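Data first, discussion second: the structure below is written as structure tokens.
Nothing fancy with the numbering, it's 1 onward along the sequence. Side chains included, hydrogens not; waters and symmetry mates left out as well; all remaining heavy atoms used. Indexing begins at 1, ligand by ligand and atom by atom, following the structure's order. For clarity, every value in this text was computed on a predicted model and none was experimentally measured.
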Amino acid sequence: MVDPPSSPVPDRALVLFSGGQDSATCLAWALARYPWVETVGFAYGQRHAVELECRAPLRAGLAAFADWGGKLGPDHVVDLGASMDAIGATALTSEAEIAIGADGLPTTFVPGRNLLFLTYAAAIAWRRGLRRIVAGMCETDYSGYPDCRDDTIKAMQLALNLGLQRNFVLETPLMWRDKAATWAMAEALGGAALVALIEEESHSCYRGDRSHRHPWGYGCGACPACDLRRAGWERWRGGGASR
Ligand code: ZN
């Protein structure tokens, strides 16, 4: 492994990698495209912190693919726990009920989370000389998070490029894909082996349940994240995925 240069290199990437299905697929997407790919993860007191434990086995599994192992660079972990607690409890960071709040936003919405993530990611990319920042935000299976919108990401790219005096490219390969198409994308990138890796090692369940194994992976089977993952998997298996 060589040390990357300190000035930005166009084809070097940093992937926001949580340990979930979407970010695992994004990491495979980046490894298939770019010669050097680093990852960043955030601890923010999420009650499904078990997803962070999925990151190392997923990275190891992806590095075992013949074309990808030599491209996977260091992993960065940023601990935002205390600062996110200070902003306020939500259903992702406390035991509050997972539901739609009076303002129309899910109670799992963590205000400013993705904006903070992208800002930290850009700071790391700036220091590491990485130009592309890859993230799994998606509007199609819209979960009601305004910070996942395409316009939000485009505005963040502009703000980061002005504020850090760089020309980062924020890439969101899942923005217009639904969950079925995300499974199909994994299959196209890495075949049945990648699908099996994501099924087994990635985590989506908001309740952090790793004790129940379904055909589509581990989870409680009842929370909104499990519902999305299962419905997408079933639609993809049934041949209903749009690409
Ligand atoms: Zn669940």
Side-chain angles (χ1 to χ4, degrees), residues 16-28 41-59 61-62 77 80-81 84-85 88-111 113-114 117 135-148 174-175 177-187 194-238 240-241:
L16 275 69
F17 180 55
S18 68
Q21 176 195 350
D22 290 347
S23 67
T25 306
C26 283
L27 180 50
F42 299 94
Y44 58 98
Q46 60 269 58
R47 70 184 192 186
H48 55 312
V50 63
E51 78 175 3
L52 292 173
E53 295 165 20
C54 296
R55 299 175 73 252
L58 271 170
R59 275 178 48 97
L62 289 164
V77 176
L80 300 173
M84 294 303 261
D85 281 350
T90 78
L92 268 196
T93 55
S94 73
E95 293 305 311
E97 191 184 345
I98 297 173
I100 301 296
D103 56 2
L105 289 172
T107 55
T108 49
F109 176 62
V110 182
R113 178 181 58 169
N114 288 330
F117 287 2
M137 289 80 171
C138 169
E139 266 200 32
T140 307
D141 277 337
Y142 189 50
S143 47
Y145 296 162
D147 55 351
C148 289
L174 307 183
M175 183 57 75
R177 292 170 186 268
D178 61 16
K179 276 283 187 289
T182 301
W183 285 110
M185 185 176 174
E187 186 181 33
L194 180 58
V195 171
L197 177 72
I198 291 173
E199 284 171 351
E200 181 64 23
E201 301 291 358
S202 76
H203 184 86
S204 300
C205 176
Y206 281 154
R207 297 194 171 102
D209 186 329
R210 297 287 295 170
S211 60
H212 298 93
R213 178 62 155 92
H214 312 271
W216 42 269
Y218 293 94
C220 72
C223 75
C226 282
D227 278 345
L228 260 183
R229 179 166 167 144
R230 179 189 57 236
W233 187 90
E234 288 174 350
R235 213 160 55 248
W236 163 66
R237 292 283 287 190

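The ring-ring contact (aromatic ring centres under 6.0 Å, His included) search around His212 returns none, not counting sequence neighbours.
For the residue pair Arg210 and Cys54, the shortest heavy atom distance occurs at CZ-SG, 3.8 Å. Considering all non-hydrogen atoms of both residues, Gly219 and His214 come closest at O-NE2, 2.8 Å.
Using a 4.5 Å cut-off on side-chain heavy atoms (C-beta onward), Pro215 and Trp233 make contact. In this structure, Tyr145 and Arg113 have side chains that are in contact, with non-hydrogen atoms separated by less than 4.5 Å.
Note that the CD1 atom of Ile198 and the CH2 atom of Trp183 stand 6.5 Å from one another [nearest 0.5 Å].
For the Zn ion (ligand 1), protein N, O or S atoms closer than 2.8 Å were enumerated as Cys205 SG, Cys220 SG, Cys223 SG, Cys226 SG, with waters left out.
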